[in-house]
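Here's the structure, in structure tokens; my notes come after.
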Amino acid sequence: MDIIITYDINTETREGRRRLRKVAEICLNYGQRVQFSVFECSVSEMQLDQLLHQLEEEINIKSDSVRMYRLPGGRSALVSALGRDSYIDFCGPLVV
């Protein structure tokens, strides 16, 4: 399934800045960054459970926010981009 993960991490403290880096690393393991705090991911149900569990373990639930949006028709049917679009479709043909 295709999903979008967005996050807003409170970076007023050193610990917050560490959490921000860690959340980005976790998201990079499952998808690709399309904006500073936005990732597009193609995951299975099991991978989604793992991703959400890892994020829940990392964030401060009182000061941080993570949102996950399912794209029921897939990215190509629902996402339009204006300007720079750095998304790479790894499921399609890749030319090296």
Side-chain angles (χ1 to χ4, degrees):
M1 90 185 68
D2 290 340
I3 62 170
I4 293 177
I5 298 282
T6 68
Y7 53 84
D8 185 22
I9 306 299
N10 183 327
T11 58
E12 294 175 351
T13 64
R14 172 179 270 164
E15 176 59 25
R17 291 184 292 276
R18 187 203 65 78
R19 286 194 317 275
L20 177 67
R21 287 188 303 275
K22 186 64 177 170
V23 166
E25 288 173 14
I26 292 169
C27 291
L28 275 172
N29 289 331
Y30 293 90
Q32 58 186 293
R33 176 178 273 154
V34 293
Q35 292 184 350
F36 288 118
S37 297
V38 180
F39 285 78
E40 291 181 6
C41 309
S42 184
V43 295
S44 66
E45 284 289 338
M46 184 183 339
Q47 289 171 320
L48 178 60
D49 288 343
Q50 292 170 341
L51 168 61
L52 295 176
H53 176 73
Q54 289 174 7
L55 292 171
E56 186 176 26
E57 291 289 314
E58 190 58 44
I59 68 167
N60 179 329
I61 60 171
K62 295 183 183 191
S63 64
D64 302 334
S65 172
V66 175
R67 293 180 176 264
M68 186 271 300
Y69 301 92
R70 292 177 190 251
L71 300 175
R75 179 192 191 276
S76 61
L78 297 171
V79 176
S80 298
L82 298 174
R84 184 178 57 87
D85 183 11
S86 59
Y87 179 81
I88 298 171
D89 181 7
F90 289 107
C91 295
L94 295 175
V95 178
V96 181

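In this text, all values refer to a predicted model and were calculated from it rather than measured experimentally.
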Atom pair SG (C27) and CE (M68), whose distance is rounded to the nearest 0.5 Å: 11.5 Å
Enter the distance from H53:NE2 to E57:CD here, rounded to the nearest 0.5 Å. 4.0 Å
Using side chain to side chain donor-acceptor pair (under 3.5 Å) as the criterion, list what pairs up with [X], not counting sequence neighbours.
X   : value
E15 : R18
R17 : none
E45 : R70

Can you list every pair that meets salt bridge (Lys or Arg N to Asp or Glu O under 4.0 Å) and has a residue in residues 23-32, with sequence neighbours left out? none
Tell me whether [X] shares a hydrophobic cluster with [Y], the cluster being built from Ile, Leu, Val, Met, Phe, Trp, Tyr side chains joined at under 4.5 Å.
X   : Y   : value
L28 : V34 : no
I5  : L71 : no
M46 : I26 : no
F39 : L48 : yes

My understanding is that only residues two or more places apart in sequence, or in another chain, count here; which of them pass side chain to side chain contact (heavy atoms under 4.5 Å, CB included) with [X]?
X   : result
S63 : N10, R19, N60
T6  : I4, V38, R67, Y69
D49 : none
L20 : Y7, I9, T11

Side chain to side chain contact (heavy atoms under 4.5 Å, CB included) partner of D64, chosen from L55, V23, I59, D8: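 Option passing the side chain to side chain contact (heavy atoms under 4.5 Å, CB included) with D64: I59.
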Side-chain heavy atoms under 4.5 Å apart, restricted to Ile/Leu/Val/Met/Phe/Trp/Tyr: what other residues fall into the cluster of F36, or is it alone? none
Might you point out which heavy atoms bring Y30 and C41 nearest each other, and give the distance in Å?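 For Y30 versus C41, the nearest heavy atoms are O-CB, 3.4 Å.
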List the atom of A24, the atom of R33, and the distance in Å for their closest heavy-atom pair. CB-NH2, 3.3 Å
